[in-house]
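Encoded as structure tokens, the structure appears first; notes follow it.
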Amino acid sequence: MKLKWPTIRLGQIAVHRGGSINPEKFQNEIFELYSIPAYESGKPEYLNGREIGSAKKIVEPNDVLISRIVPHIQRVWIVSTKKNYRQIASGEWIIYKSKKFYPQFLRYVLLTKYFHSQFMQTVAGVGGSLLRARPAQVDLIEIPIPPLSEQKRIAAILDKADAIRKKRQQAIKLANEFFRSSFLDMFGDPVLNPRGWPQFRLDEISEIASGVTKGKKFNGKTIFVPYMRVANVQDGYIECDNVQKIEVLETDVEKYRLEKGDILLTEGGDPDKLGRGAVWYGKIDPCIHQNHIFRVRLNKEKVLPEYLSALIGSSRGKRYFLQAAKQTTGVASINKTQLSAFPAIVPPLKLQQKFLEVIKKTRAFLVNEKKGQLLNDGLFNSISQRALTGSL
């Protein structure tokens, strides 16, 4: 991507004020702590020194923080105006600040795909939570530096686009919380299984199959048919607005053909999205699936697809797949053997049917909101890119 504005290396605005503080030495003092876990809430934590376990960095208002740990998750934070508490931050943050940059503009630059793709090239570690970006390498990345007046104009536009995204994210969050609470009320904690529901390996209650491989050479009559790609399988729904076709042998169509009630699961992606999938409702027929997607076809006399899809997407599924998955730089994947061994808890069918009524009430809302979220994210990314190239 060609940048219109002059550029500057991040190292030129890196903060190396030095020193740290051990809050345990000030047990009764309240600190304003910018921790990694607190980032999702959008607010720092206010804790007594005795509640904070280790030494922390000293930060100041308008410091721009970027998380170097689990770097595929984009976390960029601005330290707020100082109140009555000393401001400190986890050692996992890299700190940047300069009078040449409007903090909110700098934050948006560090959240762009342009920056993130370079940021991920600085990563080292063996996988999962041990992956970290290397600050010395991050400092070498060049970013645009428009005039301050232009930075503020761009930030104001992106603030509006981001506000729309956040409203939709909040709506999805509330709907998901209702969905999870309904699941817990009916079935109990899916990890602990306190009600003692029977447990089965997934391959004991279903048939699991991978899909067709792209780019195969053929020896026989072929046909073009619609197929599900990884991009079509979203978290909780199947995206059918952009379905492509693939060339396969006529004899392979029935082999890979999807049936209403199949569960489609992606084999890999971001570690926090392992087990991403949804139920197929036969909107397109015939339709097959590619080899990076697993098809789970259940014994519906024992398990309803909607229930099992919710179980796989629950804390039980997340925990299992994170433990079982193979992880490389920012990416995790599962194979058929690992998926087959997933320990599914199976409550009575009547209870699953009752849960199905809850799903019907929330599914349409969530599908519409998640589609809207994808559109909002695309718009935000487009605006961000145009801002970097000076064409906004």
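Note: hydrogens, waters and symmetry copies are ignored here, and every other heavy atom, side chains too, is used.
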inquiry  = Apply the hydrophobic cluster definition, ILVMFWY joined by side-chain contacts under 4.5 Å directly or through others, and give me every member besides Phe26.
reply    = Ile21, Phe31, Leu33, Leu47, Ile52, Ile58, Ile88

query = If you take all heavy atoms of Pro347 and Leu351, which pair is closest and at what distance?
reply = CB-CD2, 4.3 Å

query = Would you say the side chain of Lys57 lies within less than 4.5 Å of the side chain of Ile95, judging by non-hydrogen atoms?
reply = yes

ask   = Between Gln352 and Val303, is any pair of side-chain heavy atoms under 4.5 Å apart?
value = yes

ask   = Between Thr7 and Glu142, do the side chains contain an N or O donor and an N or O acceptor separated by less than 3.5 Å?
value = yes

message = Give me the atom names and distance for the closest heavy-atom approach of Tyr34 to Ile78.
response = CE2-O, 4.2 Å

ask   = Considering only heavy atoms from C-beta outward, does the side chain of Tyr307 approach that of Ile345 to under 4.5 Å?
value = yes

Give every donor-acceptor pair under 3.5 Å between a side-chain atom in residues 192-201 and any protein atom, sequence neighbours left out.
unit_1 : atom_1 : unit_2 : atom_2 : d
Asn193 : OD1    : Trp197 : N      : 3.1
Asn193 : ND2    : Trp197 : O      : 3.0
Arg195 : NH1    : Asp185 : O      : 3.3
Arg195 : NH1    : Met186 : O      : 2.5
Arg195 : NH2    : Asp185 : O      : 3.1
Trp197 : NE1    : Phe187 : O      : 3.0
Gln199 : OE1    : Arg316 : NH2    : 2.8
Arg201 : NE     : Asp203 : OD1    : 3.1
Arg201 : NH2    : Asp203 : OD2    : 2.9

task = Any pair with a residue in residues 35-46 that passes side-chain hydrogen bond (donor to acceptor under 3.5 Å, both in side chains), sequence neighbours left out, goes on the list, sorted by first then second residue, please.
result = Glu32-Tyr46, Ser35-Glu45, Tyr46-Lys83

query = So, does Lys302 use its side chain to make a donor-acceptor pair with the main chain of Val346 at under 3.5 Å?
reply = no

ask   = Does Thr222 have any side chain to side chain donor-acceptor pair (under 3.5 Å) partners at least two apart in sequence or in another chain, and if so, which?
value = Glu247

request  = Group every Ile, Leu, Val, Met, Phe, Trp and Tyr by side-chain heavy-atom contacts under 4.5 Å, then state whether Tyr227 and Ile284 land in the same group.
outcome  = no

note = What one should report as the nearest heavy-atom pair of Ile263 and Ser309 is CD1-N, 3.9 Å

ask   = If Ile, Leu, Val, Met, Phe, Trp and Tyr residues are connected whenever their side-chain heavy atoms lie under 4.5 Å apart, and connections chain through other members, are Leu10 and Tyr102 in the same group?
value = yes

query = How about Leu339 and Ile208: do any of their side-chain heavy atoms sit closer than 4.5 Å?
reply = yes

Check: Glu259 side chain, Arg297 main-chain N or O, donor-acceptor pair, under 3.5 Å = no

inquiry  = Is there a continuous path of hydrophobic side-chain contacts, each under 4.5 Å between heavy atoms, that joins Tyr256 to Leu265?
reply    = no

key: Note, Gln290 side chain near Met228 side chain (heavy atom, < 4.5 Å)   = no

ask   = Charged N to carboxylate O under 4.0 angstrom, Asp235 versus Arg276?
value = no

ask   = Looking only at atom types and distance, does a side-chain atom of Glu357 sit under 3.5 Å from a main-chain N or O of Lys354, one as donor and one as acceptor?
value = no

request  = Any chance you could measure Trp77, atom CH2, to Leu65, atom CG, to the nearest 0.5 Å?
outcome  = 8.0 Å

ask   = Between Pro23 and Ala55, what is the shortest heavy-atom contact and its length?
value = CD-CA, 4.3 Å

query = Between Phe355 and Phe179, is a ring pair (Phe, Tyr, Trp, His ring centres under 6.0 Å) present by the stated rule, with each step listed?
reply = CA-CA 10 Å; Phe355 180 63; Phe179 188 80; 5.5 Å; yes

task = Quick one: do Phe342 and Leu311 satisfy side chain to side chain contact (heavy atoms under 4.5 Å, CB included)? Show the steps, please.
result = CA-CA 11 Å; Phe342 173 69; Leu311 180 69; 4.0 Å; yes

request  = Using a 4.5 Å cut-off on heavy atoms from C-beta on, say whether the side chain of Cys287 contacts that of Arg257.
outcome  = no

key: Verdict with supporting geometry, Phe105 and Lys152, side chain to side chain contact (heavy atoms under 4.5 Å, CB included)   = CA-CA 7 Å; Phe105 172 80; Lys152 291 178 181 179; over 6 Å; no

request  = Determine, using the 4.5 Å side-chain heavy-atom cutoff (strictly less than), whether Ile66 and Val64 are members of one ILVMFWY cluster.
outcome  = yes

Beyond-backbone contact of Arg295 with Leu258, side-chain heavy atoms, under 4.5 angstrom = yes

query = Is the backbone N or O of Arg229 less than 3.5 Å from a side-chain atom of Asn232, with the two atoms forming a donor-acceptor pair by type?
reply = yes

message = Taking ring-ring contact (aromatic ring centres under 6.0 Å, His included) as the definition, give me every residue that meets it alongside Trp280, ordered by chain and number, with sequence neighbours left out.
response = none

query = For the side chain of Asp252 and the backbone of Lys255, is there at least one donor-acceptor N/O pair under 3.5 Å apart?
reply = no

request  = May I ask you to check whether Phe101 and Tyr96 place their ring centres under 6.0 Å from each other?
outcome  = no

message = Checking the side chain of Asp189 only, and the main-chain atoms of Val191 only, is there a donor and an acceptor separated by less than 3.5 Å?
response = yes

ask   = Where the side chain of Ser210 meets the backbone of Asn291, is there a donor-acceptor pair that is under 3.5 Å apart?
value = yes

key: Heavy-atom donor-acceptor pair, Gln118 side chain to Tyr114 backbone, under 3.5 Å   = yes

key: Gap separating the CG atom of Asp139 from the CD atom of Gln12, nearest 0.5 angstrom   = 10.0 Å

message = In this structure, would Ile334 and Leu264 fall into the same cluster of hydrophobic residues linked by side-chain contacts under 4.5 Å?
response = no

message = Within the 4.5 Å heavy-atom criterion, are Ile154 and Glu150 side-chain neighbours or not?
response = yes

query = Which distance, rounded to the nearest 0.5 Å, do you find between the OG1 of Thr122 and the CE of Met120?
reply = 8.0 Å

inquiry  = Under the criterion side chain to side chain contact (heavy atoms under 4.5 Å, CB included), I'd like the reasoning laid out for Lys100 against Ile145: C-alpha separation, chi angles, the key distance, then a yes or no.
reply    = CA-CA 8 Å; Lys100 298 178 181 178; Ile145 179 168; 3.6 Å; yes

key: Which atom of Leu308 lies closest to which atom of Val296, heavy atoms considered   = CD2-CG1, 4.4 Å

inquiry  = Using only atom types and a distance under 3.5 Å, with no angle test, would you say the side chain of Arg107 pairs donor to acceptor with the backbone of Val76?
reply    = yes

ask   = In terms of heavy-atom contacts, does CD of Glu177 have more than 12 from other residues, nucleotides or ligands at under 6.0 Å?
value = yes

message = Using every non-hydrogen atom in the two residues, find where Val109 and Phe115 come nearest and quote the distance to one decimal.
response = O-CB, 3.4 Å

message = Regarding Glu92 and Arg132, does a basic nitrogen lie under 4.0 Å from an acidic carboxylate oxygen?
response = yes

remark   = Note: with side-chain heavy atoms under 4.5 Å as the link, the other cluster members for Leu174 come out as none

query = Is it true that Arg50 and Glu24 have a side-chain N and a carboxylate O under 4.0 angstrom from each other?
reply = no

query = Do side-chain atoms of Gln170 reach the backbone of Lys167 as a donor and acceptor pair under 3.5 angstrom?
reply = no

ask   = Is a salt bridge present between Lys82 and Glu60, judged by a nitrogen-to-oxygen distance below 4.0 Å?
value = no

